[in-house]
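Predicted, not measured: the structure shown is a model, and the values here were computed from it.
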Amino acid sequence: MPDIVSVALSYELAAAGGPQLGNPFFEVIGAVRQAGSIAAAARRLGWSYRHLWGYLKAQEARFGRPLILWDKGRAARLSDFAEKLLWAETRIRARLAPQVDNLAAEIGRELTVAFDDRVPIATCVASHDLALPLLRGLCESADGVLFDLRFAGSLESLAALRAQRCLFAGVHLPCSRPELARRGSAMHAAFAPRLRLGREKLIQAARRTQGLMLPPGNPRRVQSIGQLRKLRFVNRATGTGTRALLDELLRAEGVDPASVPGYDRVESTHLAVAAAVASGQAEAGFGIQAAAAALGLAFVPLVVEDYFLVCDRAALEGAAARSVIGALSSPAWREAVAALPGYEAHDAGRIRSLRRTLPWYA
């Protein structure tokens, strides 16, 4: 490989909610693809036509490959090489976004404490979700509480809670489909030993839809999970709630996971699964509707599940927990969640008991 790929990491203090991972080069070629012409891309970027033209020519000289096809009488379009670069960057973002968020949260926590030791911190280790990062700004603006979010698998999150490494553990369970989490199910086996009756409470955060992510237009006309036997699949890792849910769905349909091509190929996040399907590396994945919508994929809904924050009962009256519960109960949270495809803030902020909520205790 030519010595043209290098990575430099840096960070800067910025307002909460901004992008954590970016590169100006990909913003430029992405603008050309979306706008369909150099002139329109220049307007979108706030550049002059001449400046954008010169920038693209300089990048082509640097790479030694064409980025733009400049056919006479036709609008400028990206070369195959430029399209591959964009897809590679999309997959990189999807895979690294949670880790970058984790690192940003850790840096933010340390710097916040450095500025003011009195700032309460609500630490949360949670299963990957697209709504939870929105809580940061709400908590900080309402009560000055730092919502310190780190993504991990559902089971790892519960282990962190039990080890007192966090105030909240974020998990998701298919309470709307109790047969999927009955006693003896894969969901029951995964979660029941890690939840403590009488000690922990569930705080409703949102509801979200999980299902099959498919190429745009659903060219194979997939409608059910049984059709996965004929498709190249990309999965989530063992230890995630999404993997446990999928295992149970397959068992309910009588589908042997070993019969699904690519079942052992895993990605770390919903967005990474979506990126693998969008790039053609897989023909199907399983994950949340919002991730499919973010990359323009077709989606077949299968399960509406509840997303909870698990918290020790004794910690619920603390300032940090009260702030998070208040943010979840607010109209601002309902509006933010409603903007995400497949999400709703049903009963958000409500505190529930394990025994009365979880299907395997029914």
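Proximity of a side-chain donor or acceptor of Ser279 to a complementary backbone N or O of Ala276 within less than 3.5 Å is detected. Without hydrogens or angle criteria, Glu60 side chain to Leu67 main chain gives a donor-acceptor distance under 3.5 Å. Gln210 places no side-chain N or O within donor-acceptor distance of the main-chain N or O of Val303, the cut-off being under 3.5 Å. Checked by atom type and distance alone, the side chain of Ser323 never pairs as donor or acceptor with a backbone atom of Ala319 at under 3.5 Å. In this structure a side-chain-to-backbone donor-acceptor pair under 3.5 Å is present from His270 to Ile288. Side-chain N or O atoms of Arg356 include none that pairs as donor or acceptor with a backbone N or O of Arg352 at under 3.5 Å. Formation of a donor-acceptor pair under 3.5 Å by the Glu344 side chain with backbone atoms of Arg207 is not found in this model. Side chain of Arg43 to main chain of Ile38: no donor-acceptor pair is present (N/O by atom type, distance under 3.5 Å, no hydrogens or angles). Put simply, the side chain of Arg334 never gets that close to the backbone of Ala348: no donor and acceptor are under 3.5 Å apart. Side-chain atoms of Arg322 come within 3.5 Å of backbone atoms of Glu317 as a donor-acceptor pair (strictly under, hydrogens ignored).
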Assess the residue pair Leu228 and Val255 against the criterion (side-chain contact (heavy atoms from CB on, under 4.5 Å)); give the C-alpha distance rounded to whole Å, side-chain angles, the decisive distance to 0.1 Å, and a yes or no. CA-CA 9 Å; Leu228 292 181; Val255 177; 5.8 Å; no

If you apply the rule side-chain contact (heavy atoms from CB on, under 4.5 Å), what do you find for Arg194 with Val171, and how did you get there? CA-CA 11 Å; Arg194 295 169 173 83; Val171 303; over 6 Å; no

Please walk me through it: do Leu135 and Leu149 pass side-chain contact (heavy atoms from CB on, under 4.5 Å)? CA-CA 9 Å; Leu135 267 181; Leu149 176 64; over 6 Å; no

Residue pair Val125, Leu161: steps toward the side-chain contact (heavy atoms from CB on, under 4.5 Å) verdict: CA-CA 8 Å; Val125 180; Leu161 181 65; over 6 Å; no

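Other residues, nucleotides and ligands place more than 12 heavy atoms under 6.0 Å from the CZ atom of Arg196. Within a 6.0 Å sphere centred on CD of Glu179, other residues, nucleotides and ligands contribute more than 12 heavy atoms. Residue Asp256 qualifies as enclosed at atom CG: its count of foreign heavy atoms under 6.0 Å is above 12. Taking a 6.0 Å sphere around CZ of Arg251, one finds it holds more than 12 heavy atoms contributed by other residues, nucleotides or ligands. Few gaps surround NZ on Lys57; more than 12 heavy atoms of other groups in view lie less than 6.0 Å from it.
Leu202 and Phe147 fall into different hydrophobic clusters, where Ile, Leu, Val, Met, Phe, Trp and Tyr side chains are chained together by heavy-atom contacts under 4.5 Å. Put simply, Leu167 and Leu158 are part of two different groups of oily side chains (I, L, V, M, F, W, Y) that touch within less than 4.5 Å, one to the next. With hydrophobic clusters built from ILVMFWY side chains whose heavy atoms lie under 4.5 angstrom apart, Leu302 does not share a cluster with Val304.
Atom CD in Gln281 sits 7.5 Å away from atom CD in Glu267 (nearest 0.5 Å). In this structure, His128 NE2 and Leu271 CG are separated by 5.0 Å, a value rounded to the nearest 0.5 Å. To the nearest 0.5 Å, the span separating NE2 on His51 from CG on Leu56 amounts to 9.5 Å. Between atom CG of residue Asn235 and atom CZ of residue Arg243 there is a gap of 4.0 Å, rounded to the nearest 0.5 Å. Taking CZ from Phe233 and CG from Leu246, the interatomic distance works out to 5.0 Å, rounded to the nearest 0.5 Å. Expressed to the nearest 0.5 Å, how far CD of Gln164 lies from OG1 of Thr123 amounts to 10.5 Å.
Residues His172 and Gly241 come closest through the heavy atom pair CE1-C, 3.4 Å. Of all the heavy atoms in Ala332 and Leu138, the pair that sits closest is CB-CD2, 3.6 Å. Nearest approach of Leu214 to Ala284, heavy atoms of both residues: CD2-CB, 3.7 Å. Contact detail for Gly285 and Val273: the closest heavy-atom pair is CA-CG1, 3.8 Å. Ala321 approaches Phe168 most closely through the heavy-atom pair CA-CZ, 3.8 Å.
Remark: the Tyr343 side chain and the Asp129 side chain contain an N/O donor-acceptor pair separated by less than 3.5 Å. No side-chain N or O of Arg220 forms a donor-acceptor pair with one of Gln227 less than 3.5 Å apart.
Ion pairing of Arg33 with Glu83 is present here, as a side-chain N (NZ or NE/NH1/NH2) and a carboxylate O approach within less than 4.0 Å. At a threshold of 4.0 Å, the pair Glu27-Arg44 does not count as salt-bridged, since none of the basic side-chain nitrogens sits closer than that to a carboxylate oxygen.
Ring geometry for Trp47 against Tyr55 counts as perpendicular: the plane angle is over 60°, on a 0 to 90° scale with 30° as the lower cut. Between Phe25 and Phe63, the two ring planes are tilted [angle within 30° to 60°].
Counting heavy atoms from C-beta outward, Ser176 and Glu305 have side chains that stay 4.5 Å or more apart. Side-chain contact between Asp306 and Asp347: absent, with no pair of heavy atoms (C-beta onward) separated by less than 4.5 Å. Side-chain contact between Leu309 and Leu132 is present, with at least one heavy-atom pair separated by less than 4.5 Å. Within the 4.5 Å cutoff, no side-chain heavy atoms of Leu212 are placed close to those of Phe299. No side-chain heavy atom of Ser127 sits less than 4.5 Å from a side-chain heavy atom of Thr240. Residues Leu297 and Pro216 meet the side-chain proximity criterion, which asks for heavy atoms closer than 4.5 Å.
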